[in-house]
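Below you'll find the structure, written out as structure tokens, and then a few comments.
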Amino acid sequence: MDDEYEKFIKRMNPPRVVVDNESCKNATVIQVDSANKHGILLEVVQVLTDLNLMITKAYICSDGGWFMDVFNVTDQHGNKITDEGVLDYIQKSLGPDSCFASSMRRSVGVVPAMDHTSIELIGSDRPGLLSEVSAVLTNLKCNVVNAEVWTHNTRAAAVMRVTDEETRAAITDPQRLALINRLLCNVLKGSNKYREPKTVVSHGLTHTDRRLHQMMFADRDYERSVDDSLDEKERPNVNVVNWQDKDYSVVTIRCKDRPKLLFDIICTLTDMQYVVFHGNVDAEGPQAYQEYCIRHVDGSPVKSDAERERVIHCLEAAIVRRVSEGLKLELCTTDRVGLLSDVTRIFRENSLTVTRAEVATKEGKAFNTFYVRDSSGYPVDAKIIDSIRQTIGQTILSVKGSPEESNQSQQESPTRFLFGGLFKSRSFVNFGLVRSYS
């Protein structure tokens, strides 16, 4: 009955989207009006974020049965959005034809499931973990076509999309899927007795960033460890107070701005079952300021100091878990089965640990981004990076944000990595995980 009533309200009051490139000098203004429902703010922010748009300002109002939002957005270079394809997509995704009923399915961040198998992993982080997982998948004749890996507070989570090495299609054999699940779970087992590793193999639609937030939240990565080394100056400034006259809790957040910050915060509030009734976002400078009036879905504000502390810690985790620690390395080359395993093995053999990774393939090319740091905690040695680039190929692996970047030579031929020079390495042939699982 409630569902039918909701559909009736949507038919009587279809969403309205206005895109304005005139009223603001330095941003495109997007206004969304619609009948209100729980999660609608996240759905709108998700559509904009999946298009890699930067939200510099936002005004949120969803008090009562109506939802009204205004977003100032730019592209990643700070320019207005003039691409007609992008503007048309926004209209179709958020406008009357959508009714917000299936935005998750249409989202740019969601990949169709019929051509791949989705693997979700979460467990204790440790140096070389991504290398071990990749080696097991390669040994099981799985090709990684897409992956996102996050680490935070001693925990590691990943969403990986794989295909069969021979057919390049989804893996459907139940016995093979069970084997993949069992072996990956063995790799993920760590020293934490209270948090068992989890592995899920499926064919369902998955929004990667949303799932990573949900997985780490469910795994309680927001619980501060005794040896929490995050500098207080680097920690986001999150405060929660109750506005007694209006029966709201007011959340204020001040932190360094970055892409997808708004999505990360709204995602976490939604998953914690809070509703944003009013909000103000200002991220036009290097620092972002966000303020939200919230209530729990049961209509109550934050009730206790313990709940207040939990909200603060969860929002801090949501902000920090995507922050990329370490040196940024970008790899671009012809894709092949085992590529991710080979690259991460080289990192591991050179005492580098991966703190975050983005793996993508398109039209036979691999586009991978890794954030790495020294396993012992020391700054990454430039000589080690130079040695790794010579092994992989100077034109294949590039360093971003390093002062030595412009001084490194480009003399190494990229063909060595592509045509199997690495397979002469004895350590690869005798790699322990591959041997034990073969």
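Counting all heavy atoms, side chain and backbone alike, Asp221 lies closest to Ala317 at OD2-CB, 4.2 Å. Considering all non-hydrogen atoms of both residues, Ser124 and Leu129 come closest at O-CD2, 3.7 Å. In terms of heavy atoms, Thr344 sits closest to Ser131 at OG1-CA, 3.3 Å. The shortest heavy-atom contact between Val145 and Thr361 is O-OG1, 2.9 Å.
Between Glu43 and Lys37 there is a salt bridge, with a side-chain nitrogen of the basic residue lying less than 4.0 Å from a carboxylate oxygen of the acidic one. Contact check on Asp342 versus Arg336 returns a salt bridge, with a Lys/Arg side-chain nitrogen under 4.0 Å from an Asp/Glu carboxylate oxygen. One finds no salt bridge joining Asp264 and Arg321 here, because no Lys/Arg side-chain nitrogen approaches an Asp/Glu carboxylate oxygen to under 4.0 Å.
Residues satisfying the salt bridge (charged side-chain N to carboxylate O under 4.0 Å, His left out) criterion with Arg176, sequence neighbours excluded, are Asp164. With sequence neighbours excluded, the residues forming a salt bridge (charged side-chain N to carboxylate O under 4.0 Å, His left out) with Asp209 are Lys260, Arg322, listed by chain and number. With sequence neighbours excluded, the residues satisfying salt bridge (charged side-chain N to carboxylate O under 4.0 Å, His left out) with Glu284 are Lys57. Not counting sequence neighbours, the partners of His296 by the ring pair (Phe, Tyr, Trp, His ring centres under 6.0 Å) test are Tyr274. With sequence neighbours excluded, the residues that form a salt bridge (charged side-chain N to carboxylate O under 4.0 Å, His left out) with Glu358 are Arg356. With sequence neighbours left out, Val323 forms a side-chain contact (heavy atoms from CB on, under 4.5 Å) with Arg258. Taking the ring pair (Phe, Tyr, Trp, His ring centres under 6.0 Å) definition, one finds that Tyr371 meets it with nothing, sequence neighbours left out. Every residue meeting the ring pair (Phe, Tyr, Trp, His ring centres under 6.0 Å) condition with Phe370, not counting sequence neighbours, appears here in chain and number order: Phe347.
Applying the ring pair (Phe, Tyr, Trp, His ring centres under 6.0 Å) test to every pair with at least one member in residues 131-153, sequence neighbours left out, gives these pairs: Trp150-His213. The list of salt bridge (Lys or Arg N to Asp or Glu O under 4.0 Å) pairs with a residue in residues 365-383, not counting sequence neighbours, reads Glu325-Arg373. Identified under the ring pair (Phe, Tyr, Trp, His ring centres under 6.0 Å) test for residues 320-339, with sequence neighbours left out: none.
Between the side chain of Ser398 and the main chain of Gln394, no donor-acceptor pair closer than 3.5 Å is present. With hydrogens and angles disregarded, a donor-acceptor distance shorter than 3.5 Å links the side chain of Thr117 to the backbone of Ile171. Ser93 places no side-chain N or O within 3.5 Å of a backbone atom of Ile90 that could act as its donor or acceptor partner.
A heavy-atom distance below 4.5 Å is found between the side chains of Cys267 and Arg210.
Taking a 6.0 Å sphere around NZ of Lys80, one finds it holds more than 12 heavy atoms contributed by other residues, nucleotides or ligands.
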Scan the side chains in residues 70-78 for donor-acceptor partners under 3.5 Å anywhere in the protein, sequence neighbours excluded, and list what turns up.
from	atom 1	to	atom 2	distance (Å)
Asp75	OD1	His77	N	2.9
Asp75	OD1	Gly78	N	3.0
Asp75	OD1	Asn79	N	2.8

